[in-house]
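Mind looking over this structure? Questions follow.
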Amino acid sequence: MVDFGGWEMPQQYSSIRDEHLAVRKVAGLFDVSHMGRFRVAGDSSLEFVQHLVTNDVAQLAHGQAQYNLLLNEDAGIVDDLVVYRGSEGWFVVVNASNREKDLEWFRSHAPSDVEIEDRTFELALIAFQGPRAQELLPWQGAALDSIPYFGFGHGDVAGIHALISRTGYTGEDGFELFVSSDRVGEVWDAILEHGRSAGVLPAGLGARDATRLEAALRLWGNDMDETVNPYEAGLGWTVKPAKGDFIGREAVQRARAEGPRRQLVGLKMQPGDIARHGAAVSSQGRRLGVITSGTHSFFLGYPIALASVEARSLQVGDRAVVEVRGREAPAEVVKLPFYRGSARSLSEKKEGRHG
């Protein structure tokens, strides 16, 4: 068990390798109840959420979710989050380490007719992720086929009500289930029992970090923070200035016009050379930046890393060196993501339908 955002979390249940491969080949079950969960309601809640985040939530229909950023006035990333639009209001999921900060941020900016309710402790959150997740989830309710990528619905697992969303953090197809905290253990056990013979495993933080990094999904506090703007994090696609005013809009427009000073690149390392957060990245004797995230990919068979480096200093195919245990380890710049899982095909189908 390790401390993660103030929560005691399992690094692994069996082995990181086995859990990692289960997610990529079958499905893995994660407890992600450490993530913060807020309910936003009130007459002007749409305008309030729209003013708070970078993406255009007015485009969401009921039953749809959207990846988003909170910015400060200097365009630094306060947090990344997922916004859900329901028939009775809005719901947001934020990072565990930022829950209290984000709650204060929401409440300090909310008009008098908008209520922000922290549901983190009464509503648990578990994630069932993998290419066979739909097939192996013991679900009674709306047909899972009818829930699109970044959509959500309602139903039951083991007779217990859940809100289910087709979202996740591994690059694979899968679902996140919001369940009453006093019943989530029953849901957890039912999912594992139903999928055990197929190879479903509970998965801890080690497998979660490796799978999200393979999919090049950013981690707040590592790959971005309040000193990094969306374009430097490779998340400019979430910024929609045309929607109207939002916190940080002027600064983020300036940042776009000036161009990013830094960029995130993917690095493939040699077996045994695991790059750690903060390690120096250099090329031809010149320091270009630092590692933001690094791990060994059991699925790919070699270590991988994200690095924040000077803009346009490294291109795909270039060579670099990374400080690993006091020596310079060779690295190759590779295209992101490192691995395209089953969630990518869902995303592409969605884009095809709306293209």
Side-chain angles (χ1 to χ4, degrees), residues 2-7 9 11 30-38 49 52-55 65-84 91-106 109 118 120 125 127 129 150 167-171 176 204-239 246-248 251-252 255 260 262-266 275-279 289-295 304-309 336-338:
V2 296
D3 177 79
F4 190 85
W7 293 69
M9 300 288 294
Q11 182 74 3
F30 300 85
D31 181 359
V32 289
S33 296
H34 58 295
M35 306 291 285
R37 293 170 290 290
F38 308 154
V49 175
L52 224 55
V53 301
T54 57
N55 215 330
Q66 186 186 70
Y67 181 73
N68 251 297
L69 300 177
L70 296 177
L71 301 185
N72 59 30
E73 292 289 1
D74 297 323
I77 300 173
V78 174
D79 204 1
D80 65 329
L81 66 161
V82 175
V83 176
Y84 299 76
F91 203 72
V92 298
V93 175
V94 303
N95 282 296
S97 59
N98 290 334
R99 182 183 66 84
E100 293 183 0
K101 177 188 77 172
D102 288 356
L103 186 60
E104 173 59 28
W105 186 266
F106 271 69
H109 289 92
D118 186 1
T120 304
L125 181 59
Q129 302 281 295
F150 268 72
T167 50
Y169 199 54
T170 63
E176 294 182 307
L205 289 176
R208 180 172 164 84
D209 189 55
T211 52
R212 73 91 191 166
L213 185 51
E214 287 171 346
L217 298 171
R218 284 43 164 177
L219 178 62
W220 196 93
N222 281 47
D223 309 310
M224 57 186 168
D225 56 29
E226 294 188 31
T227 69
V228 176
N229 70 52
Y231 301 104
E232 293 172 333
L235 297 173
W237 59 271
T238 68
V239 180
F246 58 88
I247 297 172
V252 82
R262 297 170 285 184
Q263 68 182 103
L264 275 181
V265 298
R276 298 303 185 190
H277 177 77
V290 296
I291 297 296
T292 58
S293 291
T295 193
I304 57 175
L306 288 175
S308 177
V309 299
L336 293 175
F338 301 98

Does His109 have any ring-ring contact (aromatic ring centres under 6.0 Å, His included) partners at least two apart in sequence or in another chain, and if so, which?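 Residues passing ring-ring contact (aromatic ring centres under 6.0 Å, His included) with His109: Trp105.
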Which pairs pass salt bridge (Lys or Arg N to Asp or Glu O under 4.0 Å) with one or both residues in residues 66-80, sequence neighbours excluded?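 Passing the test, one end in residues 66-80: no pairs.
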How would you list, by chain and number, every residue that makes a side-chain contact (heavy atoms from CB on, under 4.5 Å) with Ala307, sequence neighbours excluded?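 Ala307 satisfies side-chain contact (heavy atoms from CB on, under 4.5 Å) with Val265, Leu267, Val281, Ile291, Val309 only.
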Residues two or more places apart in sequence or in another chain: which of them pass side-chain contact (heavy atoms from CB on, under 4.5 Å) with Leu217?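 For Leu217 the side-chain contact (heavy atoms from CB on, under 4.5 Å) partners, ignoring immediate neighbours, are Tyr169, Arg212, Ala215.
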Side chain to side chain donor-acceptor pair (under 3.5 Å) involving Thr295 - partner list, sequence neighbours excluded: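 Per chain and number, Thr295 pairs via side chain to side chain donor-acceptor pair (under 3.5 Å) with no residue.
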Would you please name every residue forming a ring-ring contact (aromatic ring centres under 6.0 Å, His included) with Tyr67, sequence neighbours left out?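 Listed in chain order: Trp237.
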In chain order, what residues pass the ring-ring contact (aromatic ring centres under 6.0 Å, His included) check against Phe91, with sequence neighbours excluded?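 With sequence neighbours excluded, Phe91 shows a ring-ring contact (aromatic ring centres under 6.0 Å, His included) to Phe178, given in chain and number order.
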Please list, chain by chain and in numerical order, all residues satisfying side chain to side chain donor-acceptor pair (under 3.5 Å) with Asp118, sequence neighbours excluded.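 For Asp118 the side chain to side chain donor-acceptor pair (under 3.5 Å) partners, ignoring immediate neighbours, are Arg99, Thr120.
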What residues, two or more places apart in sequence or in another chain, satisfy side-chain contact (heavy atoms from CB on, under 4.5 Å) together with Glu226?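 Partners of Glu226 by the side-chain contact (heavy atoms from CB on, under 4.5 Å) criterion, ordered by chain and then number, come out as Asn72, Val78, Lys101, Trp220.
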With Glu176 via side chain to side chain donor-acceptor pair (under 3.5 Å) - residues at least two apart: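 Partners of Glu176 under the side chain to side chain donor-acceptor pair (under 3.5 Å) test: Thr167.
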Could you pull out all residues at least two apart from Thr211 that satisfy side chain to side chain donor-acceptor pair (under 3.5 Å)?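 Once residues adjacent in sequence are excluded, Thr211 has no partner under the side chain to side chain donor-acceptor pair (under 3.5 Å) criterion.
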Can you list everything that forms a side-chain contact (heavy atoms from CB on, under 4.5 Å) with Ser308? Sequence neighbours excluded, please.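 So Ser308 forms a side-chain contact (heavy atoms from CB on, under 4.5 Å) with Arg262, Leu264, Thr292.
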